[in-house]
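Single-structure report; data block below.
Heads up: numbering here begins at 1 and tracks the sequence. Computed from a prediction, not measured in an experiment: that's the story for all the values here.
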Amino acid sequence: MKQNRSEREAELIADLFHESWDSGEVAGYARKAARRTRRRRILRKSLAAAGIALLLATLSFFFVRSPSSAPTEQPFSSANASPENYEVISTDQLLSAIRDRPILVVRNGKSEKVILLSKN
């Protein structure tokens with residue numbers, strides 16, 4: 001005689017949830033699988049947290065610089081003035097000085113700009 005679908009499902013469910021799930025060999029396998037899954041989840045979360053911490057440490061190392069490495073500036077006075085020091089001029093004076101002369105602006109180091117004028 002043919003069994004209908006609901007009877008087969010009922011038998012499958014009864015086979016799955018019998019008393020060996022509580023104390024038998026199947027229960028040991030289930031506990032072992034659950035323990036292994038918990039360990040892997042904890043390991044995965046720990047590795048993600050360690051990766052984020054390493055990324056933050058790397059970014060802070062490269063982008064946050066201490067100001068102690070910058071050279072100290074001395075206040076300007078006429079006593080320490082020399083002919084090599086720069087003279088502050090207005091924009092109009094600069095434009096009149098470089099009129100019809102080729103110029104080249106280059107970076108010296110990371111942030112210092114140097115303007116070179118040709119002697120034509």
Side-chain angles (χ1 to χ4, degrees):
M1 182 172 176
K2 268 189 160 179
Q3 292 179 338
N4 64 9
R5 185 175 180 172
S6 63
E7 289 176 0
R8 283 184 290 177
E9 288 176 357
E11 285 181 18
L12 286 173
I13 290 172
D15 285 343
L16 285 175
F17 296 109
H18 52 79
E19 51 283 334
S20 68
W21 272 100
D22 293 332
S23 60
E25 186 177 343
V26 177
Y29 291 139
R31 284 190 205 102
K32 193 176 194 180
R35 187 173 38 243
R36 189 173 293 152
T37 302
R38 280 191 298 270
R39 268 195 239 137
R40 285 184 183 162
R41 187 178 301 141
I42 290 170
L43 180 65
R44 190 173 45 232
K45 286 182 180 181
S46 299
L47 287 176
I52 290 172
L54 181 65
L55 177 69
L56 290 176
T58 304
L59 289 176
S60 68
F61 177 74
F62 284 114
F63 292 113
V64 178
R65 298 286 185 188
S66 65
S68 62
S69 63
T72 58
E73 296 182 25
Q74 297 177 353
F76 181 76
S77 69
S78 60
N80 62 2
S82 67
E84 293 96 28
N85 286 342
Y86 296 101
E87 179 182 348
V88 178
I89 60 172
S90 69
T91 306
D92 294 331
Q93 290 173 329
L94 176 67
L95 291 175
S96 67
I98 63 172
R99 180 173 307 246
D100 298 328
R101 290 177 67 188
I103 63 170
L104 175 66
V105 178
V106 294
R107 285 196 182 268
N108 185 9
K110 290 188 178 182
S111 63
E112 186 180 359
K113 291 181 183 175
V114 177
I115 300 175
L116 303 173
L117 297 172
S118 69
K119 294 186 180 186
N120 294 349

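Rounding to the nearest 0.5 Å gives a distance of 4.5 Å between OG1 of Thr58 and CG of Leu54. A distance of 11.0 Å separates CD1 in Ile42 from OG1 in Thr37, rounded to the nearest 0.5 Å. Distance check, rounded to the nearest 0.5 Å: CZ of Arg41 to NZ of Lys45 gives 6.5 Å.
Leu55 and Phe63 fall within a single hydrophobic cluster, where Ile, Leu, Val, Met, Phe, Trp and Tyr are joined by side-chain heavy atoms under 4.5 Å apart, directly or via other members.
Heavy-atom minimum distance, Ala57 versus Ser60: O-OG, 2.9 Å.
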